[in-house]
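Below: one structure, written as structure tokens.
Chain identifiers are assigned alphabetically (A, B, ...) following the order of the sequence lines, protein sequences preceding nucleic acid strands; residue numbering begins at 1 within each chain.
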Amino acid sequence: MIQAIRGTKDILPDTMHNWHYIEDVFRKSSAKFSYNEVRTPIFEKTEVFSRGIGENTDVVNKEMYTFESKGGDSITLRPEMTAAIGRSVLQNSLIQQSSVLRYWYFGPFFRYENPQKGRQRQFHQYGAETIGSPYPESDIENIALANDIIKSAGIKEYQLLLNSIGNTESRMKFRQALVEYFSGIKDQLSEDSQNRLDKNPLRILDSKNRNDIEAVKNAPVITDYLDEESSNHFNEVKAGLEKLGIEYREVPTLVRGLDYYCHTVFEFQSSALGAQDSFGGGGRYNGLLQQLGSKKEVPAVGFAMGVERLLLVLEAEKALPENAPVPDFYVICAGDSPREYSLNVINKLRSKGHNVLSDILRRSMKAQFREANKSGAPYTVIIGEDEMNKNILQVKKMETSEQKEISVDDLDYIKF
RNA sequence: GCGGGCGUAGCUCAGUCGGUAGAGCACCAGAUUGUGGCUCUGGUGGUCGCGCGUUCAAAUCGCGUCGCUCGCCCCA
């Protein structure tokens with residue numbers, strides 16, 4: 001039997017209403033904040049991501065679906081959206097036409113990882129980017145949108161973790177202090193963290209390894225290394241969130257795995273998720289567009305949410321809608337002769353905007369009733385030879401088994 | 001890339017000491033010749049994930065492999 005690619009899933013009709021539910025939240029919350037939807041191609045030239053995300057991140061190093069096109073270009077299925085939007089903004093000169101861009105997106109992304117709970121090779125993200133402003137208002141608005149989505153979707157148990165990793169100068173000083181500290185106790189670190197020491201020392205901070213956690217306890221804290229600009233920015237972000245009543249927990253060890261982040265970084269967590277407790281995250285990325293070739297710095301903030309993870313949280317909190325939509329009418333034919341005639345009735349109902357279901361298996365009346373019952377349709381319309389000849393219909397209210405005879409033209413006024 | 005658990009009907013699962021496969025649910029039909037749900041009766045549905053090996057004989061034992069799942073890493 002042919003199987004779907006490892007780490008991919010069919011989204012079948014029985015769960016589709018959950019997706020429609022959450023997608024509706026995405027649209028409505030985005031609109032509240034006046035964000036506009038963008039759709040970019042599923043694949044890009046590999047350099048969009050290798051330059052944008054950073055060569056020594058795991059995402060770029062070992063998780064990208066990369067292949068050569070017939071023309072010889074290296075092409076990659078998008079593992080995230082921010083770099084792709086950066087490319088689009090530059091290519092279309094969007095920031096020249098409007099000094100602030102507010103974008104949101106929803107779609108599939110691809111990473112070559114081992115699947116587990118809340119982790120697939122094709123997964124979906126919603127995200128929003130606030131591009132063009134270096135000021136804390138921009139961070140605040142972006143986080144407020146993320147928070148609005150979570151609240152609107154119906155999630156109650158979650159945490160917003162917040163940190164600042166400062167501007168480049170602050171981060172370099174902190175990084176140096178970290179390397180000095182960890183080098184002194186290198187033999188106490190996990191093998192992974194020993195490797196991270198020269199590649200990406202900040203990542204040691206959120207290691208889950210027990211020895212590392214111990215070692216991190218006495219490590220230098222980023223907050224002590226923020227210069228005036230960085231700590232002012234961070235303080236204003238925090239003050240803004242408090243003004244909006246958005247609760248957060250400051251976590252000085254929160255760092256993120258993509259190279260483009262600076263200043264504000266944040267993450268949304270839920271205990272409903274198991275090992276992948278984060279269902280959304282983001283931060284400021286002032287340097288990204290320059291990495292992609294912009295002559296000027298274009299400051300920006302953004303976040304992404306894992307939609308499968310969001311749905312897992314919603315399911316755990318029983319916040320998902322119960323039922324898929326049901327038809328208004330199930331049209332039943334008694335015997336073979338009215339079948340062709342019934343098309344008129346079905347068509348008439350549909351043209352009035354009703355959702356109609358009917359049998360296409362030429363089954364017995366009993367079977368049609370069974371299916372009508374299963375479909376949840378509140379009314380059945382029964383057409384037999386008599387009804388056809390007299391131009392009338394039997395309409396039955398399923399819940400009460402009441403049945404009335406009405407003329408075809410009165411279909412609209414069925415009321416029981 | 002590394003580690004643990006699990007693969008028997010569409011679904012949830014049983015299957016004793018190795019003897020050629022079962023239940024409930026779902027689906028289909030009948031009991032009721034033009035009326036659903038409840039009940040009863042019957043039926044369809046299986047290369048026991050796949051391959052190799054051991055054996056007179058494998059769902060059962062061994063090895064390999066594929067898949068699912070949970071975790072490490074990383075991320076959403």
Side-chain angles (χ1 to χ4, degrees), chain A residues 1-9 12 14 53 56-64 79-82 106 108-127 146 190-193 195-196 200 203-204 206-210 212 255-258 261 266-270 273-283 302-313 330 332-338 361 363-388 394-403:
Chain A
M1 180 127 47
I2 300 177
Q3 303 209 348
I5 303 291
R6 181 169 160 79
T8 69
K9 274 184 179 163
L12 296 171
D14 63 336
I53 302 171
N56 60 8
T57 59
D58 274 20
V59 170
V60 169
N61 266 331
K62 46 182 203 189
E63 294 175 2
M64 295 206 302
E80 60 111 53
M81 191 63 158
T82 305
F106 165 74
F109 295 87
F110 306 86
R111 289 182 199 172
Y112 191 88
E113 298 187 277
N114 273 347
Q116 54 181 289
K117 187 175 185 181
R119 168 177 300 160
Q120 294 164 214
R121 290 183 173 179
Q122 178 178 339
F123 59 102
H124 294 77
Q125 286 191 335
Y126 165 91
S190 68
E191 206 184 314
D192 284 329
S193 285
N195 290 330
R196 286 190 272 242
N200 202 345
R203 290 230 58 89
I204 300 174
D206 63 2
S207 170
K208 285 178 189 168
N209 179 284
R210 268 185 213 157
D212 293 347
V255 294
R256 314 211 77 243
L258 308 180
Y261 287 116
F266 56 96
E267 201 165 292
F268 292 95
Q269 289 190 350
S270 162
L273 287 171
Q276 278 66 238
D277 54 1
S278 152
F279 62 91
F303 72 87
M305 287 191 201
V307 180
E308 282 82 359
R309 289 186 189 179
L310 214 45
L311 290 173
L312 284 172
V313 177
Y330 191 105
I332 288 175
C333 286
D336 287 330
S337 47
L361 274 174
R363 287 193 287 188
S364 70
M365 204 170 165
K366 185 191 181 76
Q368 292 181 65
F369 262 104
R370 222 180 2 246
E371 194 180 278
N373 191 56
K374 208 172 67 176
S375 78
Y379 295 100
T380 48
V381 174
I382 302 128
I383 309 169
E385 221 167 311
D386 278 1
E387 287 79 9
M388 180 169 67
Q394 304 289 340
V395 180
K396 179 172 182 176
K397 186 175 188 183
M398 294 300 273
E399 200 189 334
T400 59
S401 295
E402 268 179 281
Q403 192 164 313

**OP:** Please state whether the base of B/G1 and the side chain of A/E63 form at least one donor-acceptor pair under 3.5 Å?
**Re:** no
Original post:
Is any side-chain nitrogen or oxygen of A/K366 closer than 4.0 Å to OP1 or OP2 of B/U33?
Top reply: no
**OP:** Examine B/A76: is either OP1 or OP2 under 4.0 Å from a nitrogen or oxygen in the side chain of A/R256? Give yes or no.
**Re:** yes
Subject >> Between B/G15 and B/A58 - C1' atom distance, rounded Å >> reply: 14 Å
Subject >> Pair pattern of RNA chain B in dot-bracket, where unpaired bases get dots and | marks partners in another strand, Watson-Crick or G-U under 3.5 angstrom >> reply: (((((((..((((.....[..)))).(((((.......))))).....(((((..]....))))))))))))....
**OP:** Check side-chain hydrogen bond (donor to acceptor under 3.5 Å, both in side chains) between A/D212 and all other residues, then give those that pass, not counting sequence neighbours.
**Re:** A/S190, A/S193, A/S207
Original post:
Is any side-chain nitrogen or oxygen of A/R370 closer than 4.0 Å to OP1 or OP2 of B/U35?
Top reply: no
Identify the pairs formed between an N or O of the protein and an N or O of nucleotides 64-71 of chain B at a distance under 3.5 Å, and give each distance.
residue, atom, partner, partner atom, Å
B/C68, OP2, A/R6, NH1, 2.6
B/C70, OP2, A/K117, N, 2.7
B/G71, OP1, A/A275, N, 3.1
B/G71, OP2, A/Q116, OE1, 3.4

Which atom pairs link the protein and nucleotides 4-10 of chain B when you take only N or O atoms and keep those under 3.5 Å?
none

Original post:
Looking at residues at least two apart in the chain, or sitting in another chain, which of them share a salt bridge (Lys or Arg N to Asp or Glu O under 4.0 Å) with A/K374?
Top reply: none
Can you give me the N/O atom pairs linking the protein to nucleotides 39-41 of chain B at distances under 3.5 Å, or say none if there are none?
none

Original post:
So, does the side chain of A/Q394 form a donor-acceptor pair with the base of B/U35 at under 3.5 Å?
Top reply: no
